[in-house]
Amino acid sequence: MVDAFISAGGLSPWLKPLTGTEHRCLAPVGDKRIIDYIIDALQQSGCIRRIVIAARQEALPELRATLPKDILLCEAEGDLPATALAAAKVLGEDSTEKLLGVCDDIPLLTPTAVRNFLAACAEQPETMTMISFFSSFFISSI
């Protein structure tokens, strides 16, 4: 089991006229928001212990009001490494050795994809410090 964070600080201004929000993570796709699909895939994978969402400050109130209480939140930083560090700090000292990062633009993520990616990482732990997976995943030592 590993901890995961969702980098949900992205803005897409073109979304606003279509969805009512420019925050990608809050944009509805069908009957759910993009962030909800990603959370579901992570939780259903059976590989994720805890999830932190790193979002823009403006999106945090809506996320806080609508997400399950076991989903942790933090403010996204200016770049991905700083955001990953902020998420790791929220997890605290009992966080897992590895941290799985997922971007906020993959609503088609599946539990199987999460399991397969983590299994591939486990096969080469000595060389898997930072890995890209369809530009949407990375795993790193924290």
Side-chain angles (χ1 to χ4, degrees), residues 1-16 19-142:
M1 300 275 284
V2 299
D3 291 331
F5 83 96
I6 302 169
S7 177
L11 292 178
S12 296
W14 62 268
L15 278 173
K16 191 160 186 158
T19 66
T21 184
E22 62 183 348
H23 297 277
R24 277 194 308 260
C25 66
L26 301 177
V29 174
D31 61 345
K32 296 194 291 191
R33 301 171 301 184
I34 289 176
I35 196 79
D36 299 317
Y37 287 101
I38 297 167
I39 291 168
D40 287 349
L42 292 171
Q43 289 178 327
Q44 293 171 18
S45 74
C47 300
I48 304 301
R49 188 176 71 131
R50 291 184 299 170
I51 299 171
V52 178
I53 298 173
R56 296 177 79 83
Q57 185 176 19
E58 316 87 77
L60 290 174
E62 181 175 339
L63 290 169
R64 195 170 282 114
T66 58
L67 290 173
K69 298 299 180 211
D70 62 337
I71 304 292
L72 304 169
L73 295 171
C74 71
E75 187 172 346
E77 299 292 335
D79 57 40
L80 190 55
T83 297
L85 183 58
K89 286 179 181 177
V90 168
L91 290 164
E93 291 186 21
D94 71 330
S95 65
T96 56
E97 182 181 345
K98 301 286 183 179
L99 178 63
L100 175 68
V102 182
C103 294
D104 68 349
D105 59 355
I106 49 171
L108 299 180
L109 180 66
T110 66
T112 301
V114 173
R115 283 191 299 273
N116 290 346
F117 179 73
L118 291 172
C121 292
E123 289 176 8
Q124 299 181 12
E126 67 285 345
T127 60
M128 300 297 191
T129 304
M130 177 101 129
I131 300 174
S132 292
F133 181 71
F134 299 120
S135 300
S136 298
F137 283 96
F138 76 89
I139 191 162
S140 63
S141 294
I142 54 174

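Remember, predicted model here, so these are calculated numbers, not experimental data.
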| query | Which value, rounded to the nearest 0.5 Å, describes the distance between Glu75 atom CD and Gln57 atom CD? | reply | 4.5 Å
| Atom CG of Leu63 and atom CD1 of Ile71: how far apart are they, to the nearest 0.5 Å? |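 Those atoms lie 10.5 Å apart.
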Should [X] and [Y] count as side-chain neighbours, where that means a heavy-atom distance under 4.5 Å?
X	Y	result
Arg64	Leu73	yes
Val102	Ser7	no
Tyr37	Val29	yes
Ile34	Cys25	no
Ile53	Ile35	yes

Minimum heavy-atom separation for [X] and [Y], please, with both atom names.
X	Y	result
Asp94	Arg50	OD1-NH2, 3.3 Å
Ala87	Phe5	CB-CB, 3.6 Å
Ala88	Leu99	CB-CD2, 4.3 Å
Asp105	Ile38	N-CD1, 4.4 Å
Cys74	Leu60	O-CD2, 3.7 Å
Arg115	Cys47	CG-SG, 3.5 Å

| request: Using the salt bridge (charged side-chain N to carboxylate O under 4.0 Å, His left out) rule, take Asp70 and Arg49 through it: C-alpha gap first, then chi angles, then the decisive distance, then the call. | output: CA-CA 10 Å; Asp70 62 337; Arg49 188 176 71 131; over 6 Å; no
| query | Within the distance-only criterion (no hydrogens, no angle test), does the side chain of Thr19 pair as donor or acceptor with the backbone N or O of Leu15 below 3.5 angstrom? | reply | yes
| Is the side chain of Thr21 donor-acceptor paired with the backbone N or O of His23 at a distance under 3.5 Å, no angle test? | yes
| query | Who passes side chain to side chain contact (heavy atoms under 4.5 Å, CB included) against Ala76, sequence neighbours left out? | reply | Ala54, Thr83
| task | Step by step, work out the side-chain contact (heavy atoms from CB on, under 4.5 Å) result for Arg56 and Leu11. | result | CA-CA 9 Å; Arg56 296 177 79 83; Leu11 292 178; 3.4 Å; yes
| said: Can you tell me which residue among Val114, Ile6, Asp3, Ile51 is in a side-chain contact (heavy atoms from CB on, under 4.5 Å) with Leu100? | reply: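 The side-chain contact (heavy atoms from CB on, under 4.5 Å) with Leu100 is passed solely by Val114 among Val114, Ile6, Asp3, Ile51.
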| query | Does the pair Arg33/Asp104 count as a salt bridge with the N-to-O cut at 4.0 Å? | reply |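 A salt bridge is absent here (no side-chain N lies under 4.0 Å from a carboxylate O).
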| query | Got a sec, which residues hit salt bridge (Lys or Arg N to Asp or Glu O under 4.0 Å) with Lys32, two or more places apart in sequence or on another chain? | reply |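 Only Asp40 meet the salt bridge (Lys or Arg N to Asp or Glu O under 4.0 Å) criterion with Lys32.
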| request: For Glu77 and Leu85, run side-chain contact (heavy atoms from CB on, under 4.5 Å): C-alpha distance rounded to whole Å, both residues' side-chain angles, the deciding distance at 0.1 Å, then the answer. | output: CA-CA 9 Å; Glu77 299 292 335; Leu85 183 58; over 6 Å; no
| field | Derivation and outcome, side-chain contact (heavy atoms from CB on, under 4.5 Å), residues Ser12 and Arg24 | value | CA-CA 6 Å; Ser12 296; Arg24 277 194 308 260; 3.2 Å; yes
